[in-house]
Protein chains: 2
Amino acid sequence: MKFFCNYLHESPLFAGISKNCIPAMLGCLGARTLECKKGSAIISIGDRAENLGVVLNGKIQMVNLDYYGNRSIVAEMESSQVFGEVFACSDIAVMPVDIVASEDSSVLLLNARRITQVCTNACTFHRQIIFNLLKIVAAKGLMFGQKINVVSKRTTREKLLTYLGTVAEQAGDDTFTIPYNRQELADYLEVDRSGLSSEIGKMCKEGIIRCHRSNFTLLHKQPDCR
Amino acid sequence: MKFFCNYLHESPLFAGISKNCIPAMLGCLGARTLECKKGSAIISIGDRAENLGVVLNGKIQMVNLDYYGNRSIVAEMESSQVFGEVFACSDIAVMPVDIVASEDSSVLLLNARRITQVCTNACTFHRQIIFNLLKIVAAKGLMFGQKINVVSKRTTREKLLTYLGTVAEQAGDDTFTIPYNRQELADYLEVDRSGLSSEIGKMCKEGIIRCHRSNFTLLHKQPDCR
DNA sequence: AAAAATATGTTGAATTTTCAACAAATAGTG
DNA sequence: CACTATTTGTTGAAAATTCAACATATTTTT
């Protein structure tokens, strides 16, 4: 168990908690580690939605199984990332998705109730971990909100400009590099890659943007009309 | 202030907290009420993202202003609903959207820090409100996740079937009524209303679904292949 | 430096969506 | 019940997207 505390220290769930305290906390929270062979289930659809986890090493996937039985990968998580927290903190009874190991992995599993209900011995860092959990869940909401903003647009051009606009705002600069290649950008925008490439080509010709690979410049910004 | 406690009691933020305790809590949390004329700003883009609110009466909107200056309504909230909590609980510094009153409204504003940091006099219900806040933020994440699942699909048919599939699962029945009319459903799926109507018509002819107004039946379910 | 692998751009045909305009059905009102 | 307003369905043309197939560019490997 102690072996993992270095990883955990980097996880947002344990941010601001000193390495030394983590082992005691894990005991207090009833945490358990799980070694998962590639392909094995960590949490299954229908399980009670009460656990959240931290990836210690390896890689895991969130897999959705829809009404018609089609499986689709909803998200992937790697070392130090937290999973299952949105389900465990909401009041749904059972898991609507599978969590599976896509590589040989080890994960730390925690019961959400034990986190949200302050323990009897009121350990010092309990408040911090609740605070961290809230921040993680809120951050995910923010991310989702941004993505909805983007994919709600009807055309590839609008989707792209919406996405690039938020990146430009965050960068505080009209020229910036996005963290995606073309295929990844197309996946994020939920459009066809080749269609995206050709649309980018058009927009460059029209002088709306400049683009080389993952580096973009937004031109034609309206004079600030706020 | 006391006047509002009846409303607040119905808000998910104060769930499980007895009416009598709410006035004391509001004091402890430094809550303040705001009377907002239609069209006036409650929280503005660029304000520090530290407040969350509860609509006491009236109606408010979350309005996004994109890079190019286009305004769009992202969400609407009515009595007893909570707003701003995702921003205030994440660690972004400033508000990326405006919150405005779309009708004459009154709202309760609370500082998120005062909620997340247990107060010195450790009032009994403080833990409950943190727990409620976590649940609210998580529920919003769930909602967003479901919507992303839906609007990520490329065709109107897939979007509709994805949405109907989740409703059928939640209803536990292949026949169910959705809480939207055609226009609202089209808005949720982010597609053209008339196109949606005609697609529904086709799907009925093909025997995939049955539909009358907001009442749907899913046919052709695959034998359970889990 | 050449070869192989990967990423990006380009094109045209088929499919799908949007858009506008209107028809039909339903709900609401006096 | 008749009238009006609202919602839903239908249609065809225009616009946009997907898809497949291939060309070009860039990166990685040997």
Side-chain angles (χ1 to χ4, degrees), chain A residues 68 70 72-73 76 147-165 167 175-219, chain B residues 68 70 72-73 76 147-165 167 175-219:
Chain A
Y68 292 97
N70 308 307
S72 66
I73 298 167
E76 288 192 329
K147 171 142 184 172
I148 287 175
N149 238 355
V150 167
V151 300
S152 291
K153 300 288 157 59
R154 303 295 170 86
T155 64
T156 299
R157 175 173 298 205
E158 278 184 302
K159 285 178 186 170
L160 179 61
L161 284 177
T162 302
Y163 171 67
L164 294 180
V167 178
T175 297
F176 49 86
T177 300
I178 66 172
Y180 298 132
N181 63 26
R182 277 293 171 282
Q183 182 62 62
E184 290 167 336
L185 178 58
D187 288 345
Y188 182 80
L189 302 182
E190 309 286 355
V191 298
D192 178 69
R193 180 201 58 80
S194 72
L196 172 60
S197 269
S198 93
E199 188 66 30
I200 289 175
K202 280 185 212 162
M203 291 165 73
C204 287
K205 274 185 198 130
E206 293 176 30
I208 300 170
I209 60 173
R210 250 198 294 268
C211 167
H212 179 69
R213 297 252 151 169
S214 295
N215 192 270
F216 287 81
T217 300
L218 288 180
L219 312 168
Chain B
Y68 292 97
N70 308 307
S72 65
I73 298 166
E76 288 192 330
K147 172 142 184 175
I148 287 176
N149 239 354
V150 167
V151 299
S152 291
K153 299 290 157 58
R154 302 297 169 84
T155 65
T156 299
R157 176 172 298 205
E158 278 185 301
K159 285 177 187 172
L160 179 61
L161 284 177
T162 302
Y163 170 67
L164 295 179
V167 178
T175 297
F176 48 86
T177 300
I178 65 171
Y180 299 131
N181 64 24
R182 278 291 171 283
Q183 183 61 62
E184 290 167 335
L185 178 58
D187 288 344
Y188 182 79
L189 302 182
E190 307 287 356
V191 297
D192 178 69
R193 181 201 58 79
S194 72
L196 172 61
S197 268
S198 92
E199 188 65 29
I200 289 175
K202 280 184 212 162
M203 290 165 74
C204 288
K205 275 185 198 133
E206 293 176 31
I208 299 170
I209 60 173
R210 250 198 294 269
C211 167
H212 179 68
R213 296 251 152 171
S214 295
N215 192 268
F216 287 83
T217 300
L218 288 180
L219 311 168

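Here the structure is a predicted model, which means the values were calculated and not measured. The chains referred to below are lettered A, B, ... by the order of the sequence lines, with proteins before strands, and numbering in each begins at 1.
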* Map A:Arg213 and A:Asp192 onto DNA chain D by nearest heavy atom, then report which one ends up closer to the 5' terminus. => A:Asp192
* Provide, to the nearest angstrom, the distance between the CD1 atom belonging to B:Ile200 and the P atom belonging to C:dA24. => 20 Å
* Go through the N and O atoms of the side chain of A:Arg193 and the base of C:dG9, and report whether any donor-acceptor pair is under 3.5 Å. => yes
* To do: Return no unless some side-chain N or O of B:Arg154 is found under 4.0 Å from OP1 or OP2 of D:dT18.
  => yes
* Hey, is A:Glu206 close enough to A:Arg157 for a salt bridge, meaning N to O under 4.0 Å? -> yes
* **Whole-Å distance separating the NZ atom of B:Lys153 from the C1' atom of C:dT16** => 17 Å
* To do: Rounded to the nearest angstrom, tell me the gap between atom CG in A:Asn215 and atom P in D:dA25.
  => 19 Å
* To do: Before giving the answer on side-chain contact (heavy atoms from CB on, under 4.5 Å), spell out for B:Glu76 and B:Ile73 the whole-Å C-alpha distance, their side-chain angles and the decisive distance to 0.1 Å.
  => CA-CA 8 Å; B:Glu76 288 192 330; B:Ile73 298 166; 4.2 Å; yes
* Asked: Rounded to whole angstrom units, what separation is found between the CD1 atom of B:Ile209 and the P atom of D:dG9?
  -> 10 Å
* Any side-chain N or O of B:Arg182 under 4.0 Å from OP1/OP2 of D:dG9? -> yes
* Donor-acceptor pair (no angle test) under 3.5 Å: A:Ser194 side chain, D:dA20 base -> yes
* Taking CG from B:Asp187 and P from D:dT7, how many angstroms apart are they, rounded to a whole number? -> 12 Å
* Asked: CE of A:Met203 versus C1' of D:dT17: gap in Å, rounded?
  -> 15 Å
* **For atom CZ of B:Arg157 and atom C1' of C:dT17, their distance in whole Å** => 14 Å
* Asked: Should A:Thr155 be listed as having a side-chain N or O under 4.0 Å from OP1 or OP2 of D:dA16?
  -> no
* Any side-chain donor-acceptor pair under 3.5 Å between A:Glu190 and B:Ser152? -> yes
* To do: Quick one: label A:Asn181 by what it contacts on the DNA or RNA (base, sugar-phosphate, nothing), any heavy atom closer than 4.0 Å.
  => sugar-phosphate
* B:Glu199 CD to C:dT16 P: how many Å, rounded? -> 8 Å
* If we only count heavy atoms from C-beta on, is the B:Asn215 to B:Cys211 side-chain gap below 4.5 Å? -> no
* Shortest non-hydrogen separation from B:Arg210 to B:Leu219 and the atoms involved -> NH2-CD2, 3.8 Å
